[in-house]
Amino acid sequence: MPELPEVETVRRGLAPAMEGFVIERAQINRLDLRWPLPDRMAERLTGARVERLRRRSKYILADLTTGETLLIHLGMSGRMLVSGMMLGGFHHDHPAPQKHDHVVLHMEGGARITFNDARRFGAMDLVRTDREAAHWLLAGLGPEPFGNAFHEDYLIARLKGRATPIKTALLDQRVVAGLGNIYVSEVLHRAGIDPRRKAGRIAAPRVAGLVALIREVLAEAIEAGGSSLRDHRQPDGELGYFQHSFHVYDREGEPCQKPGCTGTVQRIVQSGRSSFFCPSCQR
DNA sequence: ATTAGACCCTGATCGC
DNA sequence: TGCGATCAGGGTCTAA
């Protein structure tokens, strides 16, 4: 799924279709995604105007004029498709309904937002906007990578004493929100840190350096329009998304791209997920 | 309190 | 072409 940069890209793609517009009809084709959809979701969305689209970690948050916020998580395979409006100079017609189109928002003016999610690890919920921070899915999240609360001293203190591998620690959304399996590998490669290294046993200056590198890697990916693999698409359905490539992720057996390094990218499994790294320049 | 592993679900891909 | 095993960017929950 989309990690933070992809979710941010989706949010930006949805904004012109949603911000300022009324949801005329919410079509719900299935009552549960990962969890049951909220009670009376269609009724609660119908007639609401979307004031603003925000992002928190990997969640998209749509503030409604009803005082509620629609919370959306794309899981692993969730996609948002925009149709029925001009996008990038072209009019996107409504596509034929697809398998796994679980929720369709029919917007004032004719645009449609289609949430498609084959694996159904995604989620949607409605929460009172003024109580959003206490929502069970958001309450435990760590700081935003680009926020002021995420800084060198914080990360050093947060990882102190932790015996878990740094790869696992950075994947933990309570430590920092928004990193996923791809970007953790990319960050650690850039930092020259072995993903197996115990988080609490890394010298403070190196941990401190991770803060800037995390921001750098995420910012570059957002800049690139959110990178993607396989099944992920930009909200407008265009495929220009598959261009971004990674230095180590999914490059097992390929030469390390760090200048001057002659190592070979290796794949290992950590807490059930693939990690890619260069044993030669990551220590 | 931490940490590893199972589990949720469907689809694509790979080896035979 | 078919078939099973494996893997996939998410996260939660349980049990050690």
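To find a chain, count down the sequence lines: A is the first, B the second, and so on, and within it residues start at 1.
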Query raised in the report: Does any donor atom in the side chain of Asn181(A) or Lys167(A) lie under 3.5 Å from an acceptor atom in the other side chain?
Result: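 There is such a pair between these side chains.
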Query raised in the report: Taking Gln282(A) for the side chain and Gly192(A) for the main chain, is one N or O donor matched with an acceptor at less than 3.5 Å?
Result: no
Query - Counterpart residues, salt bridge (Lys or Arg N to Asp or Glu O under 4.0 Å), relative to Arg158(A) (two or more places apart) - result: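 By the salt bridge (Lys or Arg N to Asp or Glu O under 4.0 Å) rule, Arg158(A) matches no residue at all.
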Report task. Return the set of residues passing salt bridge (Lys or Arg N to Asp or Glu O under 4.0 Å) with Asp101(A) (not counting sequence neighbours), or none when no residue passes. Result -> none
Requested in this report: Enumerate the residue pairs fulfilling salt bridge (Lys or Arg N to Asp or Glu O under 4.0 Å) with a member in residues 263-283 of chain A, sequence neighbours excluded, ordered by first and then second residue.
Outcome: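 Qualifying pairs, neighbours excluded: none.
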Query raised in the report: Which dot-bracket string fits DNA chain B when only Watson-Crick or G-U wobble pairs with both atom distances under 3.5 Å count, crossing pairs get [ ], and | stands for a partner on a different strand?
Result: .|||||||.|||||||
Sugar-phosphate, base or nothing in reach of [X], heavy atoms under 4.0 Å:
X: Lys99(A); result: sugar-phosphate
X: Ala163(A); result: sugar-phosphate
X: Ser271(A); result: nothing

Report task. Report the relative orientation of the aromatic rings in His189(A) and His247(A); use parallel for angles under 30°, tilted for 30 to 60°, perpendicular for over 60°. Result ->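 Parallel: the ring planes of His189(A) and His247(A) meet at under 30°.
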Report task. Could you check if a side-chain atom of Asp125(A) sits within less than 4.5 angstrom of a side-chain atom of Trp35(A), using non-hydrogen atoms only? Result -> no
Query raised in the report: Does the side-chain ring of Phe121(A) lie flat on the base of dC9(B), meaning centres under 5.5 Å and planes less than 30 degrees apart?
Result: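 No, aromatic ring not over the base.
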Query raised in the report: Can you list the other members of the hydrophobic cluster that holds Ile268(A), where links are side-chain heavy atoms under 4.5 angstrom apart?
Result: Phe277(A)
Query raised in the report: What string of B, S and - do you get for nucleotides 11-16 of chain C, 5' to 3', when a contact is any protein heavy atom under 4.0 Å?
Result: BS----
